[in-house]
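In the text below, chain A, chain B and the rest are named by the order of the sequence lines, each starting its count at 1.
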Amino acid sequence: MPELPEVETIKNELTPHIIGRTITGIDLFWERTVRQPSASEFRERIAGKKIVGLGRRGKYLLVQLSGGDTLIIHLRMTGSLWQTPPPEGLKFVRAIINLDNKTSIYFRDPRKFGKMWLVADADCVTGELGPEPLLPAFTLEILSSRLKRHHIPIKAALLDQGIVAGVGNMYADEALFVAKIHPTRPADSLTSSEMKRLHAAISQVLLAGIGNKGASIENYYRPDGSKGTAHTEFKVAHQRDALCPRCGTPIEYIKVRGRGTYFCPKCQKLK
DNA sequence: CTATAGACCTGACGGC
DNA sequence: TGCCGTCAGGTCTATA
């Protein structure tokens, strides 16, 4: 499940392969991957454009093209991008972006949830996102004021991309464990010291995730087909039947607003 | 405002 | 072996 650290890793590792290359064309095997514009216009408009920059906003990958258009890719739950040469018999390839040096980028997505846009103004797609949690502008005050506006479980607030961009199910659980906050605590009920711990924890777990090149829990692969190792350092996320590394208490699994949630009932008390 | 359910999809897994 | 139901979770939309 690509979240901020996974998309950041893909961006970093894809950059040397595609910057400066010109897109000769795109093969679409599942047209509904394209959200905007129509599939035919998408194919037409992208051909001949040069890739001039690669960026990331939340979980969105931004491919800046000559002429001002941006190709935006969201991998949702099972998407991944593969560079040439892909493994023989790579399944579930939904699109192939062909480049002028006879290499390609393969968009693999078993569950077909991934989406692409080709737009003149990226803000049309990413404009509603909350702040980037790894930029200096993401201060404790910003996080605090945003969370205080919501009387919803803190876990749900962290997953709301309009409050903070890029945090998904795995890193939300990790951040709450590091900050010692119970996932169902109302977001507007956190004390200032809890808020401070959470603010630091978000950066900490995201940076650790990037340092480990992402977490390969399910369908996440890096562009060269290798896996990330962030999941090997997870304390609670997806640690079914495991013990808390801090106190030895069995990790609990609950549903918070329909999302699978792992936490330590002793370290993350609900007062 | 918050909450819930369904939609989008398919592989993996447990039960029989 | 094989069929079937359930689950996974990012995001959007509809409804209570």
Worksheet item: Do any pairs count as a salt bridge (charged side-chain N to carboxylate O under 4.0 Å, His left out) and have a residue in residues 44-60 of chain A, sequence neighbours left out, and if so which ones?
Response: A:E8-A:R56, A:E41-A:R45, A:R45-A:D69, A:K49-A:D69, A:R56-A:E132, A:R57-A:E132

Practice prompt. Starting from C1' on B:dA12, measure out to NE2 on A:H238 and report it in whole angstrom.
Written response: 15 Å

Practice prompt. For nucleotides 10-16 of chain C, just jot down a letter per nucleotide in 5' to 3' order: B, S or -, based on protein non-hydrogen atoms under 4.0 Å.
Written response: BB-----

Worksheet item: Which pairs pass side chain to side chain donor-acceptor pair (under 3.5 Å) with one or both residues in residues 88-99 of chain A, sequence neighbours excluded?
Response: A:D27-A:N98, A:N98-A:S104

Worksheet item: Do any N or O atoms from the side chain of A:N101 and from the backbone of A:T103 form a donor-acceptor pair under 3.5 angstrom?
Response: yes

Practice prompt. State the dot-bracket string of DNA chain C. Criteria: Watson-Crick or G-U wobble, both atom distances under 3.5 angstrom; notation: ( ) intrastrand, [ ] crossing earlier pairs, | interstrand, . unpaired.
Written response: .|||||||.|||||||

Return all side-chain donor-acceptor pairs below 3.5 angstrom for residues 247-265 of chain A, not counting sequence neighbours, or 'none' if the list is empty.
from, atom 1, to, atom 2, distance (Å)
A:T261, OG1, A:K155, NZ, 2.8
A:T261, OG1, A:R259, O, 3.0
A:Y262, OH, A:R240, NH2, 3.2

Worksheet, complete the sentence: Looking only at heavy atoms, the pair that brings A:A165 and A:L4 closest together is O-CD1, 3.8 Å

Worksheet item: Just checking, is any N or O donor in the side chain of A:Y171 or A:E6 under 3.5 Å from an acceptor N or O on the other one?
Response: yes

Discussion item. Regarding A:G260, tell me which of base, sugar-phosphate or nothing describes its non-hydrogen contacts under 4.0 Å with the strands shown.
Written reply: sugar-phosphate

Just the table, please: protein N/O against nucleotides 4-7 of chain C N/O, every pair under 3.5 Å.
none

Item to complete: Quick one: label A:R257 by what it contacts on the DNA or RNA (base, sugar-phosphate, nothing), any heavy atom closer than 4.0 Å.
Response: base

Worksheet item: P atom, B:dG6 versus C:dC7: distance in rounded Å?
Response: 13 Å

